[in-house]
Amino acid sequence: MRAHESRSHATASGPVAAPPAGLSGSSPAAAAASGNKDWKTLRKLFPYLWAYRWRVSLALLCMVGAKLSNLGVPILLKELVDSLTAGTGGTARAALVVPMALVLGYGLLRLSMTVFTELREFVFAKVTQSAVRQIALEVFSHLHSLSLRFHLERQTGGLTRDIERGTRGVSSLVSYSLYSILPTLVEIGMVLTYLMLKYEIWFAVITIVALVSYIAFTVGVTEWRTNFRRQMNDLDSKANTRAVDSLLNYETVKYFGNEQFEARRYDESMQRWMRAAIKSQTSLSLLNIGQSTIIAVAVTLMVWRATLGVVEGRMSVGDLVLVNAFMIQLYIPLNFLGVLYREIKQSLTDMDKLFGLLEANKEIDDAPGAPPLHLLGRSAGGPARGPEICFDAVDFGYQKDRQILHGLSFVIAPGTTTAVVGSSGAGKSTLARLMYRFYEVDSGSIRIDGQDIRSITQDSLRRAIGIVPQDTVLFNDTLRYNLAYGRPGATQAEIDEAVRAAQLDEFIRTVPAGYDTMVGERGLKLSGGEKQRVAIARMLLKNPPILILDEATSALDTRNEQAIQEALRNLAARRTTLVIAHRLSTIVDADQILVMEQGVAIERGTHAQLLAQGGRYAAMWEAQVNAEGPGPEMMATPVVSPASA
């Protein structure tokens with residue numbers, strides 16, 4: 001879904017925040033803010049590395065050893081050339097006077113340079129990978145702790161790309177810093193010191209001026225072209241998000257025959273990305289030409305000064321070879337210093353985006369020292385009865401200007417069933433989301449056995465509730481995995497029992513792979529009824545004291561519905577159940593029925609009481625009877641209350 005810059009040293013994917021249109025440079029204030037943000041990001045990363053400080057120290061020692069060996073290679077080469085030059089009286093004599101110790105030392109230094117480099121990478125590998133693993137795990141866990149509002153507003157493609165870039169940025173930053181930038185600085189310091197001690201000052205002056213010019217040019221041009229990279233990566237993320245969203249909605253695209261429409265939308269995004277990528281590549285070429293010019297001028301001046309020294313007798317041929325070898329050794333890391341700077345800047349920006357996810361407001365968080373939910377009447381063998389659930393003057397809106405619930409109050413007595421009916425948008429499904437604490441109520445409270453759910457831990461609350469949603473979404477894994485998700489660690493016998501109760505055993509026997517059948521993305525390989533039975537089975541496996549049934553059998557045929565309703569009847573015994581219903585025939589035996597309109601309970605009572613009132617519920621019942629007829633579906637076994645069970 002993405003393309004890369006064609007050069008091997010092109011930068012990796014970077015930040016996703018696009019600058020304002022027309023912005024082609026950075027102001028001093030913006031540069032200072034960027035620098036402060038970079039240091040802030042480094043401070044966040046430091047603790048992950050400090051945990052392995054002994055490995056970091058050992059890796060640094062290996063790095064210094066490698067650079068000392070690298071510095072010694074040209075020096076030994078100089079001595080070797082001078083020895084050969086001094087002993088040119090004859091071929092045989094020249095061979096004899098060659099100091100073999102220098103040759104052996106040259107080979108050993110070459111070998112030790114490689115050994116120290118590999119030791120450094122071996123020692124530091126665990127530091128880098130452990131930091132990446134720990135940060136990725138913290139981000140993953142934090143994302144699961146965020147509210148439903150965050151996940152409804154996020155874009156999956158862009159979010160996953162931010163995580164991918166951020167974790168790769170950690171590895172890149174550490175790798176480039178320890179393996180490239182720091183060794184290069186150490187080597188430059190060693191070379192400058194040697195040149196100043198052994199030769200005329202001009203060698204050091206040329207090297208310093210070239211280095212300062214190179215860094216200034218690289219930083220200036222890189223900061224200028226960073227905006228192109230930002231635009232390019234922002235468009236890359238948008239194209240990826242659009243592609244992922246289209247593929248996730250594959251069936252919808254097919255339903256409406258909009259394959260070409262989706263392709264055009266994706267191509268529009270890629271065309272904008274292409275234009276930004278061309279600008280980025282053009283500016284990259286300009287940067288490379290300037291860098292090469294500075295290095296070429298410096299090397300030419302250094303060789304010229306060394307050649308003059310040899311001609312004037314101040315330097316030997318070995319000194320000329322030494323200076324040239326030094327510049328060649330410095331040329332390679334200096335040539336890539338700009339690339340490394342860009343990579344590090346990109347990595348810092350990517351990491352800032354990743355750490356920004358860690359700072360995303362949880363919105364729903366446990367109070368300090370919050371206790372777990374304590375259910376009255378719970379015994380060692382399971383709940384003796386379901387808890388009492390109380391909605392007390394609950395006001396709630398998904399947005400400030402969109403009020404859903406208005407002072408809603410009702411009580412679900414312990415071990416009873418309360419059904420909620422009403423038209424779409426009345427706020428029925430909102431009750432389940434609030435009970436799970438996906439959102440906080442604006443005012444009022446929801447209490448379970450007298451405990452405000454805001455005062456207890458979310459984990460204990462959600463473990464006490466089981467739900468069968470109307471729209472069942474499954475993991476792209478096996479049937480076994482999705483079934484066992486209700487209670488990870490359940491035995492196969494327990495899974496088999498739940499499968500039989502959910503009337504799913506016959507289906508599993510008919511598929512060749514059985515429990516190992518892959519269900520596909522979001523469970524799309526299964527029918528609606530099969531997915532719903534999987535949801536029922538894993539809820540049966542969870543065996544919670546509180547049940548929420550959101551039209552739990554809407555996708556089932558009448559025969560299977562009656563059998564599964566019997567299983568739900570048994571499960572509801574001694575448990576507190578909230579049923580969100582559209583088919584009134586399924587809740588005729590509920591202990592309490594609430595009729596909701598516009599977020600308000602306009603009627604409440606039993607089925608018989610509400611029919612006798614002749615109000616909204618009676619009208620709904622009459623409409624369904626007339627629509628469906630007095631057939632078996634209207635006589636289906638209802639989700640009954642434990643009292644009638």
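Not measured: the values here are computed from a predicted model.
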Nearest 0.5 Å, what's the CD1-OG1 distance between I580 and T418? 11.5 Å
Would you give the length of the straight line joining atom CG of L504 to atom CG of L540, rounded to the nearest 0.5 angstrom? 11.0 Å
Enter the distance from R463:CZ to K542:NZ here, rounded to the nearest 0.5 Å. 8.0 Å
Do NZ/NE/NH1/NH2 and the carboxylate oxygens of R265 and E268 come within less than 4.0 Å? no
Where the side chain of R433 meets the backbone of F438, is there a donor-acceptor pair that is under 3.5 Å apart? no
Just so I know, are the side chains of M596 and L408 near enough to count as touching, which here means a heavy-atom distance under 4.5 Å? yes
Any M435 side-chain heavy atom under 4.5 Å of I546 side chain: yes
Please check this pair: side chain of N482 against backbone of F475, looking for a donor-acceptor N/O pair closer than 3.5 Å. yes
If only side-chain N and O atoms count, and only distance matters, is there a donor-acceptor pair under 3.5 Å linking T430 with Y439? no
Do T576 and E388 meet the criterion of a side-chain donor-acceptor pair at a distance under 3.5 Å? no
Backbone N or O of L584 within a donor-acceptor pair of the Q624 side chain at under 3.5 Å? yes
If we ignore hydrogens and angles and just use 3.5 Å, is the side chain of D452 paired with the main-chain N or O of R447 as donor and acceptor? no
Give me the one residue out of T417, V421, L549 that meets side-chain contact (heavy atoms from CB on, under 4.5 Å) with I587. V421
Taking the side chain as everything from C-beta on, heavy atoms only, tell me whether R487 gets closer than 4.5 Å to E494. yes
Under a 3.5 Å distance rule, please check whether K531 uses its side chain to pair with a backbone N or O of K525 as donor and acceptor. no
Hydrogens and angles aside, do R583 and S585 bring a side-chain donor and acceptor to less than 3.5 Å of each other? no
Distance-only side-chain donor-acceptor flag, Y515 / D496, under 3.5 Å: yes
Residue from I465, L547, V534 passing side-chain contact (heavy atoms from CB on, under 4.5 Å) with M539: L547
Full working for side chain to side chain contact (heavy atoms under 4.5 Å, CB included) between R454 and V441: CA-CA 9 Å; R454 292 171 294 188; V441 299; 3.5 Å; yes
Heavy-atom donor-acceptor pair, K428 side chain to G422 backbone, under 3.5 Å: yes
Tell me, do R437 and D366 make a side-chain contact under 4.5 Å, heavy atoms counted? yes
Report the relative orientation of the aromatic rings in W621 and Y617; use parallel for angles under 30°, tilted for 30 to 60°, perpendicular for over 60°. parallel
Note, Q134 side chain near E138 side chain (heavy atom, < 4.5 Å): yes
Please report the interatomic distance CE(M518) to CG(L526), rounded to the nearest 0.5 Å. 11.0 Å
Hey, is the main chain of A618 close enough, under 3.5 Å, to the side chain of E603 for a donor-acceptor pair? no
Side-chain contact test, heavy atoms from C-beta onward, threshold under 4.5 Å: evaluate it for L373 versus I453 and give yes or no. no
Side chain of Q451, backbone of H374: donor and acceptor closer than 3.5 Å? yes
Determine whether a donor-acceptor pair (N or O, by modelled atom type, separation under 3.5 Å) exists between the side chain of R533 and the backbone of Q503. yes
Evaluate the side-chain proximity of M232 to D236: yes if any heavy-atom separation is below 4.5 Å, no if none is. no
If I take atom CG from residue L431 and atom CG from residue L578, how far apart are they, to the nearest 0.5 angstrom? 6.0 Å
Quick one: pull up CD1 in I412 and CZ in F391 and give me the separation to the nearest 0.5 Å. 6.5 Å
Just by modelled atom types, is the P544 backbone N or O under 3.5 Å from a matching donor or acceptor in the R575 side chain? yes
